[in-house]
Amino acid sequence: MRVLVGECGAGPGGAGGPAPEAAAGRGGGGTGFVGRALTQLLRSHGHEVTYVSRQGGKDRISWEELSRCGLPLCDAVVNLAGENVLNPFRRWGDAFCQEVISSRVETTKTLAKAIADAEQPPRAWVLVTGVGYYRPSPTAEYTEDSPGGDFDFFSRLVSSWEAAALIPGSPARGVVVRSGVVLGRDGGAISQMIWPFRLGLGGPLGSGLQPFPWIHIRDLAGIVCHALENECLQGVLNGVSPSSHATSNGTFAQELAAALGCPALLPVPAWAVRAVFGAERAVMLLEGQRVVPKHTLESGYRFIFPDLSGALKDIVA
């Protein structure tokens, strides 16, 4: 199978940036955190991978080339592009909001148009978005059939992102993977947390009671590969661990500390999170969703890391 992967970087009119890790607009680039894992898995299954990125080169084309020349011959397209929403070095304002939107919605529109215009369209079109689609709640549980997407900036972002992928009448079957917080080595949430925890300075965010929807990087890559290889799959798949609906931020902090053999004694107060990220982005860290991968499990996908302790032991080993 020939797979074209849209990676982090500017699409036409969009802005580039590092792979997102948190749970509102998730994904990563073809050569970013998620993309590296996906590429390794796809190639191990005998598939060919080409990237769409800022610049062309070996095994890659540029976004400008895609817009100008159209879709290269391929069997499947995956979009993982997106500006990192939780970049603490970027102030939350109109300019950054527009970059966040463009890097997701515009890249998706560009790929969708290329698929729609292709003489030989691909068989599969997979988009990775996020569980920020669902309203944060300490008690409600969400499956792929649950409503959402219309209550704050991030939920509306996911709605616009997923709407941009729709191609009426296309023979390409569409799959959307709504990812939780992606955990893995060399990137994602763990890379930002591991040293404070190793130094005994880690702890839960805010109350620590908020749900923490998570997934191991190998399972997120596995779900995307599963969606590409199974011709009957289409629609929404929740990209979260089967046990994540029972995981709180406090539980995650305790399990990470245990895996590292360190204490988790210093909670980060909510006011500090808001001071660093701004009130709108802080919601992503101080609140959460209990998300269940109902359709993902029903589709036959078998999780490599269904429980948090096993996932963290693998990551920090």
Side-chain angles (χ1 to χ4, degrees), residues 5-35 51-54 63-64 66-67 78-113 126-136 148-166 176-182 187-189 191-192 205 213 215 220 239 273-289 291:
V5 178
E7 70 170 348
C8 36
E21 285 95 34
R26 326 300 197 256
T31 52
F33 175 51
V34 176
Y51 311 118
V52 189
S53 58
R54 286 190 185 91
W63 288 100
E64 288 72 21
L66 177 69
S67 296
V78 179
N79 194 23
L80 300 173
E83 174 70 29
N84 183 2
V85 174
L86 290 177
N87 182 347
F89 303 107
R90 295 295 304 275
R91 187 180 67 83
W92 188 250
D94 291 343
F96 185 49
C97 279
Q98 191 53 50
E99 290 183 24
V100 167
I101 294 169
S102 295
S103 63
R104 288 163 170 75
V105 177
E106 296 306 318
T107 56
T108 302
K109 285 182 178 177
T110 298
L111 285 166
K113 183 179 185 302
V126 178
L127 178 68
V128 178
T129 65
V131 296
Y133 177 86
Y134 307 112
R135 184 184 293 274
D150 61 355
F151 57 88
D152 66 2
F153 171 83
F154 297 108
S155 65
R156 288 188 287 271
L157 169 62
V158 177
S159 287
S160 299
W161 195 0
E162 294 179 3
L166 297 175
V176 171
V177 180
R178 291 181 184 147
S179 171
V181 181
V182 184
S191 67
Q192 300 174 17
L205 300 179
I215 186 168
L220 181 57
V273 177
R274 295 188 186 99
V276 172
F277 292 101
E280 199 160 26
R281 282 190 294 180
V283 169
M284 296 168 56
L285 299 171
L286 298 174
E287 300 181 17
Q289 306 89 342
V291 182

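Shown here are the side chain to side chain donor-acceptor pair (under 3.5 Å) partners of Glu162, two or more places apart in sequence or in another chain: Thr129, Arg178. Residues satisfying the side chain to side chain donor-acceptor pair (under 3.5 Å) test with Arg274, not counting sequence neighbours, are none.
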**Report entry** Test side chain to side chain contact (heavy atoms under 4.5 Å, CB included) applied to Leu111 and Leu66, step by step
**Finding:** CA-CA 8 Å; Leu111 285 166; Leu66 177 69; 3.6 Å; yes
Requested in this report: Quick one: do Asp150 and Ser159 satisfy side chain to side chain donor-acceptor pair (under 3.5 Å)? Show the steps, please.
Outcome: CA-CA 8 Å; Asp150 61 355; Ser159 287; over 6 Å; no
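Residue Phe151 holds its CZ atom at 9.5 Å from OH of Tyr133, rounded to the nearest 0.5 Å. Atom-to-atom distance recorded for Arg135:CZ and Phe154:CZ is 15.0 Å, nearest 0.5 angstrom.
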For a quick test of your reading: what N or O donor-acceptor pairs under 3.5 Å do the side chains of residues 88-95 make, sequence neighbours left out?
| unit_1 | atom_1 | unit_2 | atom_2 | d |
| --- | --- | --- | --- | --- |
| Arg90 | NH1 | Glu99 | OE1 | 3.1 |
| Arg90 | NH2 | Glu99 | OE2 | 3.1 |
| Trp92 | NE1 | Glu280 | OE1 | 2.7 |

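Between the side chain of Gln289 and the backbone N or O of Tyr134 there is at least one donor-acceptor pair closer than 3.5 Å.
Taking 4.5 Å as the limit, some side-chain heavy atom of Val85 sits within range of a side-chain heavy atom of Arg104. The side-chain heavy atoms of Val34 and Leu220, taken from C-beta on, include a pair separated by under 4.5 Å. At least one side-chain heavy atom of Phe96 sits less than 4.5 Å from a side-chain heavy atom of Arg281. Proximity of Ile101 to Phe153: side-chain heavy atoms (C-beta onward) are separated by under 4.5 Å at one or more points.
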